[in-house]
Each structure stands twice: as C-alpha cells, then as structure tokens.
Amino acid sequence: MLQVEGLDVRYGTTHAVRAVDLAVGSGDALAVLGPNGAGKTSTLRAVSGLVPHGGTVRFDGEDVTRLPAEEIARRGLIHVPEGRHVFPDLTVEENLGIGATAQGGRRSEFGIDDVHDLFPALGGLRRRLGFALSGGEQQMVALGRALMGGPRLLLVDEPSLGLSPRLARSVTAALAEIRARVPLVVVEQNVQLALRICPRAAVMVRGEIVLRASRDELDDRDALLASYLGQQDARAT
Ligand code: ATP
C-alpha cells in the first residue's frame, strides 16, 4: 500500500533522514521508534509531502512523490501531526466535520458515530471550542478528524506525547481498534504503547533505520532496543 524508497530530508546542513526505506501493506501497522531528533517526524512529513525530500513515495501503486500535500491527503494518505492542530475557535463537532473535506470523493468508512464509539470521552464535548480542550481531548479530536477524512492509511505522529498515562492508554486502545480497519504508521517514543498497536517496528537513530523487528523479537531484545533508544528501560511507560 505504501512504499518508501531512499527517503532523504535535509534542513540546511542537517541531514535529518538518510536513505530510509519503509513498506506498509494493507492490514499492516508499523511503529517508527527512536530518540529525540532521530528523524521520525521528518520521515512522516516527507511521506505526506510537507517537506522537500529525495527518494520516492508510492501509495497504492501510484508515485505520489511530487504531489502537493493536499493531493496526497485526498488520496487517503492522512497525517495526524504531533501537537494535534485542533482549530481553537471551532467546536469539537465542527473540527470533526472539517475532516470530511479531505475525503476527495471517497466515502469514509468512519462516520461521526464511529468516532464517538472510539472516543466516548468526546460525547459530552460536541459543542466545546477547541481551545478549551485538554491535550488528551485534542488528540482524540485530531484522530477523529483524520478518520472522518476516509483514510486508506494513517500516519500518526507521537499520539501519546504529553498525555497522562491513563489518557495515553485510552488513545492507544482506540488506535489498536483503528488498526483493525486501516493500516497505520505510528511514530512513538513510548515503545510499550507503540507495540500494543503495531506488530512490528523500525528503529531510527540519527536519520537512519538501524533495526527492524517484530513485536516478539523486540520482546526478546529489550536490552538491545534500550541501547538504540538510549534508555535505561525501553519498555517503561
Ligand atoms: P522528536 O521526537 O524530538 O520530534 P524526531 O525523531 O521526530 O524527534 P525530527 O523532528 O524529524 O526528529 O528532527 C530530525 C532532525 O532535524 C533534528 O536534528 C532536528 O533538529 C532537525 N530539524 C527538524 N525540523 C527542522 C527544521 N524545520 N529546520 C531545521 N532543522 C530541523
């Protein structure tokens, strides 16, 4: 479904992403793990057409490398950015409705009721303005908006960032359900949460993928993973 080859991103003298290859099939979910500054966000932004890059991006058999970001989103390759980007002056309902404008002629298999089933906490907040939402509620709205756009593949950047452990677990549970219906690429620093959603992972360090492994292999290789991620315990929440 998604095939990325030789992806390369430079910001001036910073070589942020170096010849990264990724492939995600239908029914698949890939976690991209790695420490701060490893190039994970830049990888997602390049795939979505949001930063200039080298290499090729093919989506559903079509070369989308040079398409503008809106065209890529209209094809159903939908990016949920880090930081959520909820419209502050619009209500939850209006924020979700805006997602539907990315459908580009496709019908989303997710409607407003599906979004509320996945995120029951949004039920009582339909008329609340974006600026008055907590970080966790914003994350739910951002994911809900992406679902309303009829994603054929979702790129999700650090969904647990800044959330309490409880909210991070509930967003993770929703993503695990979403993954049964839509292929995903999930960028995370929280290895444990990422592997609850995705059966395999690619670990990035300094712009390169240094390790690819299944969830089970990573279970057996905690120490190795921790050394790549520069953490004492890579599985800690
Ligand atoms: P984090 O988890 O901290 O978001 P990351 O793995 O997503 O990190 P990126 O945000 O992709 O990493 O950053 C990769 C490198 O590129 C870093 O050295 C970062 O400082 C640099 N970088 C990212 N965005 C820009 C930019 N707009 N201009 C210049 N340098 C940038």
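Read the numbers this way: they start at 1 and go in the same order the structure lists the ligands and their atoms.
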Just need the protein heavy atom nearest to [atom], so name the residue and atom and give the distance.
atom: atom 10 (O) of ligand 1; answer: T41 CB, 3.7 Å
atom: atom 9 (P) of ligand 1; answer: S42 OG, 3.6 Å
atom: atom 29 (C) of ligand 1; answer: Y11 CB, 3.3 Å
atom: atom 8 (O) of ligand 1; answer: G37 N, 2.8 Å
atom: atom 18 (O) of ligand 1; answer: T14 CG2, 3.9 Å

Worksheet item: Any protein heavy atom sitting closer than 4.0 Å to atom 20 (O) of ligand 1?
Response: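 When distances to the protein are checked, atom 20 (O) of ligand 1 has no heavy atom within 4.0 Å.
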
Tell me, do [X] and [Y] make a side-chain contact under 4.5 Å, heavy atoms counted?
X: V47; Y: H79; answer: no
X: E71; Y: V64; answer: no
X: M148; Y: S108; answer: no

With heavy atoms of [X] as the reference, note each atom of ligand 1 found under 4.0 Å away.
X: A16; result: 14 (C), 15 (C), 16 (O)
X: Q189; result: 2 (O)
X: E158; result: 2 (O)
X: P35; result: 6 (O)

Worksheet item: Quick one: does R45 get a heavy atom under 4.0 Å from ligand 1?
Response: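 No, R45 has no heavy atoms under 4.0 Å from ligand 1.
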
Discussion item. With a cutoff of 4.0 Å, is G34 in contact with ligand 1, counting heavy atoms of the residue only?
Written reply: no

Worksheet item: Which atom names give the shortest non-hydrogen contact between R66 and H53, and what distance separates them?
Response: NH1-O, 3.6 Å

Discussion item. Checking side-chain contact (heavy atoms from CB on, under 4.5 Å) between L7 and each of L22, D21, T43, which is the one that passes?
Written reply: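 With L7 as partner, side-chain contact (heavy atoms from CB on, under 4.5 Å) holds for just one option, T43.
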
Discussion item. Please check if the number of heavy atoms outside R181 that lie under 6.0 Å from its CZ is greater than 12.
Written reply: yes

Worksheet item: Is it the side chain, the backbone, both or neither of E82 that has a heavy atom closer than 4.0 Å to ligand 1?
Response: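 Near ligand 1, E82 shows its side chain, while the N, CA, C and O stay back.
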
Worksheet item: Within the distance-only criterion (no hydrogens, no angle test), does the side chain of K40 pair as donor or acceptor with the backbone N or O of V186 below 3.5 angstrom?
Response: no

Discussion item. Distance alone, cut at 3.5 Å: any donor-acceptor contact between the side chains of T65 and D63?
Written reply: yes

